[in-house]
Asks: 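The structure that follows is given in the form of structure tokens.
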Amino acid sequence: MKSNDKQSLPVREDLRNIAIIAHVDHGKTTLVDTMLQQAHTFRANQEVRDRVMDSMDLERERGITIMAKNASLRLPFEGKEYKINIIDTPGHSDFGGEVERVLSMADGCLLLVDSAEGCLPQTRFVLGKALEAGLIPIIVVNKIDRQDARPEAVLDEIYGLFIDLDADEDQLDFPVIYAIGRDGIAKTSLDEESSDLQPLFRAIIENVPAPRADVDAPLQMMISNLDYNDFVGRMAVGRIVAGTINAGTDAMLCKLDGTFQKFRISGLYGFEGLKRDAIETAGAGDIVAVAGLEEIHIGETIADVENPVALKPLTVDEPTISMNFAANISPFAGKEGKYVTGRQLRDRLAREVLTNVAIRVEDASEPDTFKVSGRGELQLAIIIEQMRREGFELQVSRPEVVTHVENGTVMEPVEQVFIDVPTEYVGVVTEALGRRKGTMTQMTNHGSGRVRLEFEIPSRGLIGFRSQFLTETRGMGLLNTLFLRYAPWGGPIPQRGSGALVADRAGQTTPFAMANLQERGTMFHEPQTAVYEGMIIGENSRDADLNVNITKEKQLTNMRSSTSEITTKIIPPSIMTLERALEWINDDELVEATPKGIRLRKKNLSSNRK
């Protein structure tokens with residue numbers, strides 16, 4: 001629709017649709033908590049947990065948002081009641097597809113920026129997408145109560161970021177709110193006294209445009225999200241672009257392949273607070289959930305039966321990292337999980353594609369193996385962890401970059417890396433990234449004892465680097481990445497410098513064997529852990545793989561000895577997490593993920609492998 005035509009449409013003055021976007025851990029979900037509380041969304045005696053929008057177990061465990069979610073609040077303002085639909089989005093770059101697909105439901109956005117950390121990679125990414133979508137931004141400089149807060153300097157960074165992203169004059173004229181999201185305080189200037197979020201609510205109502213849409217036009221609704229309910233089945237969530245939708249009536253589904261399917265709307269639900277309430281009708285500008293179709297995909301359009309017109313489908317950035325997912329065929333296969341076959345793995349990945357627009361799944365060359373491509377290692381690790389908890393057994397390969405050919409030249413993804421480290425670690429970090437084909441583009445010293453570095457580096461140079469980075473900086477470094485562009489293949493990059501300790505027979509690990517092997521390297525397992533031939537039980541201190549007998553027991557004898565009662569001391573093992581395991585393995589190794597644990601193994605299990 002042309003902008004001139006849109007300006008002539010009627011306005012829903014009582015409604016605002018807004019997305020909350022930011023870099024990871026800048027306080028989006030916490031701010032939504034206090035917004036809902038101050039709008040009296042919850043009962044006075046209702047027990048509400050922190051980060052109430054993070055409903056998935058993995059989100060609460062990791063403290064990050066993984067899936068975009070909807071909520072709403074009712075807000076009395078100057079004698080009128082307004083409904084504000086809020087869309088909480090992930091902050092990690094690996095889940096950028098979630099941000100891209102839900103921005104179509106909003107008319108404005110709250111861009112949160114940490115008052116100490118400033119503009120970080122995902123700040124640039126989400127703001128760029130918001131400006132492309134034509135959203136009106138409201139800047140929220142959050143966490144101004146931090147000891148190292150520098151709100152004025154951060155605001156200058158934000159202006160610079162807008163200019164870098166070619167924002168027009170209207171977009172540069174943004175309102176600024178200073179906030180302490182955790183305490184529910186917002187103010188329009190640093191020296192203003194405030195005890196609540198009223199300045200933020202005022203900014204939203206006065207600056208975010210009310211939806212302009214024709215409720216009398218033929219129905220058009222873009223599907224931006226999918227949900228499931230045990231009682232009504234699959235539900236399509238989206239914003240009504242034009243027309244009116246009614247429960248119990250017929251509608252037409254415009255599929256991505258150009259075909260049409262007529263269906264009956266068995267349920268219509270609006271968002272009230274964190275709940276979905278059944279409603280009879282909704283008009284253009286509303287965000288609703290529709291039940292009645294089992295086969296529906298993100299990006300499809302629900303349209304009028306008599307005049308079905310499809311909206312432009314959603315587009316998201318292409319994947320940059322891929323892994324091979326395969327059915328588990330290790331000697332322990334089938335002992336710990338419920339779903340172990342290739343067919344079950346294929347069906348589960350097919351369901352994942354329905355709701356996750358940022359991944360691609362295709363058959364690999366080996367049987368019961370599927371190539372899964374996504375935005376980053378974390379995104380794919382989250383999928384593996386979800387499947388593992390659902391009862392799946394699978395094995396996955398080392399992450400690889402997704403390349404393509406342009407004019408006969410192999411092109412690989414290049415990422416921009418933002419690093420914040422104490423001054424004394426600048427040298428070791430620069431050296432480590434230099435070995436991985438990284439090039440420093442900027443170095444900023446704020447004079448606080450920490451330095452911010454920016455590098456350009458091939459994506460494959462970052463595989464396995466995060467754990468090394470944390471080790472080199474004693475856990476005091478911050479590392480963030482952002483996809484930059486495709487560039488010609490940069491040549492070989494050094495891989496892991498150490499070999500693996502590999503079990504040469506099946507059995508259980510024993511304290512006696514582990515004590516004798518401690519000098520050889522670092523162990524990954526506790527004593528009395530079941531192992532099989534070809535399973536990796538530790539990291540060798542040298543650069544070659546070493547077959548070891550980890551099941552060897554101390555020989556018992558009836559001869560008395562002065563040293564027989566000496567207690568064996570074992571260094572605590574370094575237990576592998578899923579993300580660390582994916583970073584650590586080489587091309588000839590696999591990660592075996594089951595409901596009860598994570599194991600590493602060689603592709604060729606035989607101890608006499610070449």
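Bear in mind the structure is a predicted one, so any value in this text is a computation, not a measurement.
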Asks: Would you mind listing every ring-ring contact (aromatic ring centres under 6.0 Å, His included) that reaches into residues 335-376, with sequence neighbours excluded?
Replies: Y339-F392

Asks: Determine the sole option in E589, E592, E393 for which the salt bridge (charged side-chain N to carboxylate O under 4.0 Å, His left out) test with R599 is passed.
Replies: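 Of E589, E592, E393, salt bridge (charged side-chain N to carboxylate O under 4.0 Å, His left out) with R599 is met by E592 alone.
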
Asks: For the residue pair Y486 and H404, does the interplanar ring angle fall in the parallel (under 30°), tilted (30 to 60°) or perpendicular (over 60°) class?
Replies: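 Y486 vs H404 ring planes: tilted.
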
Asks: Are side-chain heavy atoms of V290 and M221 found at a separation under 4.5 Å?
Replies: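 Counting from C-beta outward, V290 and M221 do come under 4.5 Å.
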
Asks: How close do G461 and R436 get, counting heavy atoms only, and between which atoms?
Replies: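 Nearest pair, atom of G461 first, then R436: O-NH1, 2.8 Å.
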
Asks: Can you tell if the side chain of L394 reaches within under 4.5 Å of the side chain of N328, non-hydrogen atoms only?
Replies: no

Asks: Could you tell me which non-hydrogen atom of G248 sits nearest to which non-hydrogen atom of R264, and how far apart they are?
Replies: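 Looking at all heavy atoms of both residues, the closest pair is O-NH1, 2.9 Å.
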
Asks: Looking at side-chain heavy atoms only, is the closest gap between I20 and T89 below 4.5 Å?
Replies: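 When only atoms from C-beta onward are counted, T89 and I20 do not touch, as no gap falls below 4.5 Å.
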
Asks: Of all heavy-atom pairs between M576 and I598, which one has the smallest distance, and what is that distance?
Replies: O-CB, 4.3 Å

Asks: Test of understanding: with side chain to side chain donor-acceptor pair (under 3.5 Å), list the residues that count as partners of K255, not counting sequence neighbours.
Replies: Q261

Asks: Is there a side-chain contact between L462 and F469, using heavy atoms and a 4.5 Å cut-off?
Replies: no

Asks: Closer than 4.0 angstrom, basic N to acidic O: yes or no for K338 and E390?
Replies: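 So K338 does not pair with E390 through a salt bridge.
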
Asks: Are I296 and L253 packed together at the side-chain level, in the sense that at least one heavy-atom pair is separated by less than 4.5 angstrom?
Replies: yes

Asks: So, H23 and D114: side-chain donor and acceptor under 3.5 Å apart, yes or no?
Replies: no

Asks: Determine the minimum heavy-atom distance between V288 and A282, stating which atoms define it.
Replies: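 Between these two residues, the closest heavy atoms are CG1-CB, 3.7 Å.
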
Asks: Just to verify, what does R234 make a salt bridge (Lys or Arg N to Asp or Glu O under 4.0 Å) with, not counting sequence neighbours?
Replies: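 Testing R234 for salt bridge (Lys or Arg N to Asp or Glu O under 4.0 Å), a comparison that skips the adjacent residues, returns none.
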
Asks: For the residue pair N70 and V237, establish whether any side-chain heavy-atom pair is separated by less than 4.5 Å.
Replies: yes

